[in-house]
Each structure stands twice: as structure tokens, then as C-alpha cells.
2 protein chains.
Amino acid sequence: MNIGEVSDKSGLPPKTIRYYEDIGLVKPLRGPNGYRSFRESDMHKLAFLGRSRALGFTIEDCRNLLALWDDQDRASADVRAIAREHLEQIESKIADLNSIRATLSHLVRECAGDHRPDCPILKKLGNFSK
Amino acid sequence: MNIGEVSDKSGLPPKTIRYYEDIGLVKPLRGPNGYRSFRESDMHKLAFLGRSRALGFTIEDCRNLLALWDDQDRASADVRAIAREHLEQIESKIADLNSIRATLSHLVRECAGDHRPDCPILKKLGNFSK
DNA sequence: CCTTGACCTTCCAGTAGGTGGAAGCCCTAA
DNA sequence: TTAGGGCTTCCACCTACTGGAAGGTCAAGG
């Protein structure tokens, strides 16, 4: 399989696939013309990477998950540890964003949003009237 | 005021303050020794930037907000437009993260997390059993 | 007067995870 | 044979900083 076909099937842009090869996540073969030649197993890895990245795992997490995926003797606890850690980070980020959203939506509601210069948003950001 | 004092008062690291000067957000004076010399107004700008960044506004948003802040004839509608756009992005990000969190917490609950290799998390990421 | 240490300066490089574009092969079909 | 599309590599750029090296400056203590 050439990179275009793999891109279509995996949903990853060719640039991203080349990048993943650069950083050692996949190791496709090469044809006599220098073209990358992807096996089924490469495809599966790339699809795995696409799904892991879509769940927000970092590249390093993906690398570890992929290694565990390849390891028939892995302990599921190792996988779960990575996922749980990630889940905690997601939850903490959601909390941060919720707090920002509360502040911001309050400010947007307060602001008249008309032609006049008086603006509670700027007041809040400047922390004194101006 | 030297950069250290401004850093203490604004809560921004010196590196960040220098960076903000590099990209033209603040323009402190210079003393005869080459040291940056910050006025009160620079301090206020930096504090403004700190709060805006803490609310997740991009640097470009901050630049625009700062310009509006400086403009006595601004229309509050312009400020609100920026804030509202940002709020929408925050909300969309929260929605994404909530969906990820749901998937992830489901998978973590499903996974036994013991010494055995069988793992629903990897199954899901690989999208076929292995 | 000299040293020490804290502070300041600039400049270069690196972070995450790609993306855009240029220059140049390769392959197929008309 | 020529046109097009796909493939290759390489280099630069993105956000918003951060780390570190090499070196100038300043105030205090001996």
C-alpha cells in the first residue's frame, strides 16, 4: 500500500503518517522506487494511533500504548494506569475550562455590547475602571 | 521599575515579559545601563495580559483587547464580540473533552486492570480483538 | 578596592504535534 | 511525449513560551 491509500483508509493525512515514521511510531517498508510500502499491520497501527490521538493521548502515551498492544504478555493494569492518568488530566482540564466559561459568560452577559465605550469585560481584565 | 519587580507584581515570569516586548505587546523604556524600565502603565498592561491569558484568550485576542482598552472611543460591542467568540470556542472544547471523558471513563471502568493481558481499552483502540 | 552574588542583557535552541511549500523523482494514460 | 498526479526529501512555520549559555551591572561586605 502506498501512503495515499493508507491515508484514505486510516483518515490520517500523509504528512502526519510521514511524521509518525520520523518519530519511530511506524516503520513501513520501502519499494524499489523509494516509495513507502505499508503492510496491513502498519495500517492497523496507524488506525490505532488515530483513535488514541482522538482521545487526546499524547504521542508518548501512544508510543507506550502501542508497545503494550504489541506485547502479548502485557498486564491490563499497565494500560489502565495510562488511561486513568490521562482521564484525570482531562477532568482537570474540564474543570479549568468550566471555571473560565463561568467567568466569561458572566462578563459577556454583563456587557451591553453597544456603541458606548463602557465595558465590564475590560474593567475586569484591567481590574480598575478606565 | 526593573523587570524583577514587575515580574513579582504582575505574576508573569521575566522571560514572558521579555517575550511580550519582543512581540510588541509592551514597550518599556530603557535605562542608561540597558535595563528595561517599566512605567506604571506598562505594569497595568502586563497585569491585563496576565488576566486575559488566564482566561484563555490567544495572544492575538490579547493584542486586540489591549488596543480596545487603550481606545477611549471603543464600542463595547467590539470587546464583547471577541469575548463571545472565545466563549464559544471554550464551550466547544468543553463538549469535546466531555465526550472524551465519557469514552475514557467507560473504558477504564471496563478494564480489570490486573496482571492478565486481556484489555478492553486496547481492544477499543485497535478496534478488533488481539 | 575587590570580590561575591543577585540581577540584568542578548541570543540560540527546544517544546508538541504537526502543517505548508518548494524542488524534484516516478508512474500511468492519452 | 507530454501532462497529471502521486511520491520523495528538506526546510520553515505555527503557539506561547521556557531553558540555558555567555557576559554586563549593581550593591554590599571585607
Side-chain angles (χ1 to χ4, degrees), chain A residues 1-38 42-43 45-46 48-66 82 85-86 89-90 93 96-97 100, chain B residues 1-38 42-43 45-46 48-66 82 85-86 89-90 93 96-97 100:
Chain A
M1 259 186 292
N2 281 352
I3 201 168
E5 192 181 344
V6 177
S7 169
D8 289 344
K9 287 189 183 168
S10 69
L12 298 172
K15 283 267 184 188
T16 300
I17 296 173
R18 292 193 194 101
Y19 173 67
Y20 286 171
E21 183 187 9
D22 272 1
I23 61 176
L25 288 178
V26 277
K27 298 177 178 50
L29 305 173
R30 293 290 177 140
N33 53 7
Y35 286 18
R36 287 170 184 80
S37 173
F38 295 85
D42 296 318
M43 249 298 301
K45 275 193 187 184
L46 287 167
F48 181 101
L49 288 168
R51 284 187 279 267
S52 307
R53 292 287 302 130
L55 285 178
F57 285 104
T58 65
I59 291 286
E60 275 321 292
D61 279 346
C62 289
R63 198 187 296 280
N64 293 327
L65 289 171
L66 214 41
I82 295 174
E85 172 106 4
H86 181 47
Q89 284 174 15
I90 298 280
K93 190 160 238 166
D96 290 352
L97 288 179
I100 288 175
Chain B
M1 258 187 293
N2 280 352
I3 201 169
E5 193 181 344
V6 177
S7 168
D8 289 344
K9 287 188 184 168
S10 70
L12 298 172
K15 283 268 183 188
T16 300
I17 297 173
R18 292 194 194 100
Y19 173 67
Y20 286 171
E21 184 187 8
D22 272 1
I23 62 175
L25 289 178
V26 278
K27 297 176 178 52
L29 305 173
R30 292 292 176 138
N33 53 8
Y35 286 18
R36 287 171 184 81
S37 175
F38 295 85
D42 296 317
M43 248 298 301
K45 274 193 186 183
L46 287 167
F48 181 100
L49 288 167
R51 283 181 216 110
S52 308
R53 292 288 301 129
L55 284 178
F57 285 103
T58 66
I59 290 288
E60 276 320 293
D61 279 345
C62 290
R63 196 187 298 279
N64 293 326
L65 289 171
L66 214 42
I82 295 175
E85 172 105 5
H86 181 47
Q89 283 174 17
I90 298 279
K93 191 161 238 168
D96 290 351
L97 288 179
I100 288 175

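Remember, it's a predicted structure, so these values are computed and weren't measured experimentally. So you know, we letter chains A, B, ... as the sequences are listed, proteins then strands, and number each from 1.
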Does Tyr20(A) make a side-chain donor-acceptor contact with the base of dG17(C), cut-off 3.5 Å?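 Flag unset: no donor-acceptor pair detected.
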
Phosphate OP1/OP2 of [N] contacted by [X] side-chain N/O (<4.0 Å):
| X | N | answer |
| --- | --- | --- |
| Arg36(A) | dT9(D) | yes |
| Thr16(B) | dT18(D) | yes |
| Thr58(B) | dT15(D) | no |
| Asn33(B) | dC26(D) | yes |

Whole-Å distance separating the [atom1] atom of [X] from the [atom2] atom of [N]:
| X | N | atom1 | atom2 | value |
| --- | --- | --- | --- | --- |
| Leu49(B) | dA16(D) | CG | C1' | 13 Å |
| Ile17(B) | dC17(D) | CD1 | P | 11 Å |
| Glu21(A) | dC10(D) | CD | C1' | 14 Å |
| Arg53(B) | dC17(D) | CZ | C1' | 9 Å |
| Lys15(B) | dC11(C) | NZ | P | 12 Å |
| Tyr19(A) | dA12(D) | OH | C1' | 15 Å |
| Leu29(A) | dT8(D) | CG | P | 13 Å |
| Glu60(A) | dA16(C) | CD | P | 8 Å |

NA contact type, [X], heavy-atom cut-off 4.0 Å: base, sugar-phosphate, or nothing?
| X | answer |
| --- | --- |
| Arg18(A) | base |
| Ile3(A) | sugar-phosphate |
| Pro13(A) | sugar-phosphate |

Check: [X] side chain, [Y] main-chain N or O, donor-acceptor pair, under 3.5 Å:
| X | Y | value |
| --- | --- | --- |
| Ser37(A) | Gly31(A) | no |
| Ser52(B) | Cys62(B) | no |
| Arg53(A) | Phe57(A) | yes |
| Ser10(A) | Val6(A) | yes |

First of Pro32(A) and Phe38(B) reached from the 5' end of DNA chain C, by closest nucleotide: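 Residue closer to the 5' terminus by nearest nucleotide: Phe38(B).
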
So if I take every side-chain heavy atom of [X] and compare against [options], which nucleotide ends up nearest?
| X | options | result |
| --- | --- | --- |
| Arg30(A) | dG24(D), dG20(D), dT8(D) | dT8(D) |
| Ile59(B) | dA16(D), dG24(D), dG17(C) | dA16(D) |
| Asn2(A) | dC26(C), dC7(D), dG19(D) | dC7(D) |

With respect to Glu21(A), which candidate in Arg36(A), Lys15(A), Lys27(A) satisfies the salt bridge (charged side-chain N to carboxylate O under 4.0 Å, His left out) definition?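 Among Arg36(A), Lys15(A), Lys27(A), the one meeting salt bridge (charged side-chain N to carboxylate O under 4.0 Å, His left out) with Glu21(A) is Arg36(A).
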
